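First listed ligand is number 1; within each ligand, the first listed atom is number 1. For clarity, every value in this text was computed on a predicted model and none was experimentally measured.
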Amino acid sequence: MKFRTNYFLILAFYFLQINAAYKPVVILHGILSGAESMVILVREIEERHPGTKVYNCDKFSGWSSLESAWRQVEEVRDYIDTIGKIHPEGIIVLGYSQGGLLARAAIQSLPNHNVKTFISLSSPQAGQFGTSFLHLIFPDLVAKTAYELFYSKVGQHTSVGNYWNDPHKYDMYLEYSVFLPIINNEIKNSNSTDFKSALIRLDQMILIGGPNDGVITPWESSHFAYYNGSLDVIPLSQREIYTTDAIGLKTLKENDKLKIIVKPFVHHLTWHTNRHVIREVILPYLN
Ligand SMILES: *[C@@H]1O[C@H](CO)[C@@H](O)[C@H](O)[C@H]1NC(C)=O
Ligand SMILES: *[C@@H]1O[C@H](CO)[C@@H](O)[C@H](O)[C@H]1NC(C)=O
């Protein structure tokens with residue numbers, strides 16, 4: 001009888017340990033896909049980190065992933081908020097591609113969030129200036145003239161228009177884009193202070209990207225680096241968003257909370273499906 005009691009206690013302790021070891025993970029899918037596209041990643045986390053509670057967000061799948069960024073951010077914000085309240089010990093948020101940009105904006109819109117780690121998996125954090133992934137929707141679109149579509153009232157009804165950042169049309173970007181210059185505090189607004197302090201609340205921000213991505217253009221946008229007017233990529237450390245600490249990236253870096261991962265030989269569509277990549281660049285940060 002005594003043995004059984006002990007055995008039960010050990011088992012109970014074991015499960016509690018497992019649950020205590022790994023924080024819950026919220027996952028956000030990319031554009032023109034849905035939660036099902038993230039299943040390999042979910043399984044890999046559950047197998048390698050048993051006991052992890054994974055929330056695979058199924059909002060804005062397929063075509064609805066093209067809805068305006070703010071509309072999506074508001075729902076994602078509420079989703080993260082709800083899950084955060086279920087797990088007061090803290091949660092991890094991972095967003096892939098467009099999902100990583102929307103997730104970051106959602107976190108920035110939650111002044112009291114309890115997100116401990118945010119992982120951006122090849123997301124256009126500083127914008128996008130390439131159309132390869134858009135040819136399904138806009139077959140004739142070329143980057144050079146896409147601003148005519150995106151920098152308009154109509155174009156701003158799509159998520160892509162909201163983070164389209166044409167380095168030759170920076171003034172138009174500031175004038176028309178209702179999303180990226182706001183969330184990146186390039187245009188100061190009444191929420192700027194909150195956007196910054198919410199990011200500084202993170203324990204870790206992990207930015208993952210690589211030179212063979214093939215979709216995020218420039219690929220360095222995944223690390224908040226971006227083109228200047230002559231298409232030279234300006235590293236994060238020299239960009240205004242960093243030097244002025246506009247959204248807290250400098251503060252995070254100086255406190256050793258910002259990690260930039262450059263991983264070559266990974267195509268955009270395989271970051272979340274290649275088990276080696278998942279094991280190497282994602283799992284180590286899910287604690
Ligand atoms: C600030 O955030 C609130 C709540 O999300 C929003 O209603 C308001 O429009 C935002 N203000 C600006 C200037 O973006
Ligand atoms: C872009 O950056 C490069 C390298 O720093 C510089 O030589 C070039 O003049 C810059 N172009 C513009 C338009 O600012």
Side-chain angles (χ1 to χ4, degrees), residues 26 28 57 59-60 67-85 93 95 99 101-115 118 124-130 143-144 147 150-151 153 155-159 161-202 211 216-244 246-250 260 262:
V26 176
L28 270 116
C57 181
K59 293 181 184 296
F60 299 102
E67 284 185 37
S68 88
W70 279 122
R71 193 176 130 46
Q72 297 191 57
V73 165
E74 277 169 24
E75 274 200 39
V76 171
R77 175 196 67 196
D78 294 347
Y79 183 81
I80 292 174
D81 193 34
T82 303
I83 293 164
K85 290 196 168 111
V93 173
L101 176 58
L102 300 177
R104 170 175 61 93
I107 292 168
Q108 285 178 266
S109 309
L110 284 169
N112 300 312
H113 70 77
N114 64 342
V115 180
F118 168 58
Q125 298 291 356
Q128 167 76 7
F129 186 56
K144 200 167 178 296
Y147 75 91
F150 290 138
Y151 295 157
K153 284 240 161 68
Q156 287 300 307
H157 284 291
T158 70
S159 59
N162 294 149
Y163 54 84
W164 187 255
N165 189 350
D166 185 332
H168 305 302
K169 306 283 173 197
Y170 188 62
D171 290 344
M172 285 185 82
Y173 160 78
L174 292 180
E175 185 181 341
Y176 283 95
S177 181
V178 298
F179 177 69
L180 195 63
I182 306 293
I183 204 72
N184 281 355
N185 280 345
E186 286 168 276
I187 295 172
K188 291 277 181 290
N189 60 87
S190 55
N191 294 320
S192 289
T193 313
D194 286 346
F195 288 161
K196 179 176 174 176
S197 54
L199 272 197
I200 293 173
R201 279 176 77 82
L202 294 168
I216 302 300
T217 314
W219 67 269
E220 293 93 333
S221 179
S222 58
H223 300 141
F224 281 99
Y226 209 71
Y227 291 133
N228 71 1
S230 45
L231 297 189
D232 290 293
V233 175
I234 307 303
L236 171 61
S237 61
Q238 289 168 32
R239 296 191 71 227
E240 208 172 298
I241 194 172
Y242 185 84
T243 56
T244 64
I247 57 168
L249 296 173
K250 193 171 179 215
I260 291 181
V262 180

I need the atoms of ligand 2 closer than 4.0 Å to a non-hydrogen atom of Ser230, numbered in the order shown. 1 (C), 8 (C), 10 (C), 11 (N), 12 (C), 13 (C)
Any non-hydrogen protein atom less than 4.0 Å away from atom 9 (O) of ligand 1: no
Any protein heavy atom < 4.0 Å from atom 4 (C) of ligand 1: no
Run the salt-bridge test on Arg77 and Asp81 with the 4.0 Å N-O cut-off and return the result as yes or no. no
Is there a heavy atom in Ser109 that sits closer than 4.0 Å to ligand 1? no
Please confirm whether the ring centroid of Tyr147 lies under 6.0 Å from the ring centroid of Trp164. no
Check: Asn191 and Ile182 side chains under 4.5 Å, non-hydrogen atoms: no
Begin from the C-alpha positions of Lys169 and Tyr176 and carry the test side chain to side chain contact (heavy atoms under 4.5 Å, CB included) through to its verdict. CA-CA 11 Å; Lys169 306 283 173 197; Tyr176 283 95; over 6 Å; no
More than 12 heavy atoms from other groups under 6.0 Å of NZ on Lys188: yes
Run down the list Asp194, Ile187, Asn191, Asn189 and name the one with the heavy atom closest to atom 2 (O) of ligand 1. Asn191
Would you tell me which option among Ile234, Asn228, Asp232 has the nearest heavy-atom contact to atom 1 (C) of ligand 2? Asn228
Result for side-chain contact (heavy atoms from CB on, under 4.5 Å) between Arg104 and one of Leu202, Val76, Asn184, Leu28 points to Asn184
Which residue holds the protein heavy atom closest to atom 13 (C) of ligand 1, what is that atom called, and what is the gap in Å? Ser190 OG, 3.4 Å
Would you check whether Leu231 reaches within less than 4.0 Å of ligand 2, judged by its heavy atoms? no
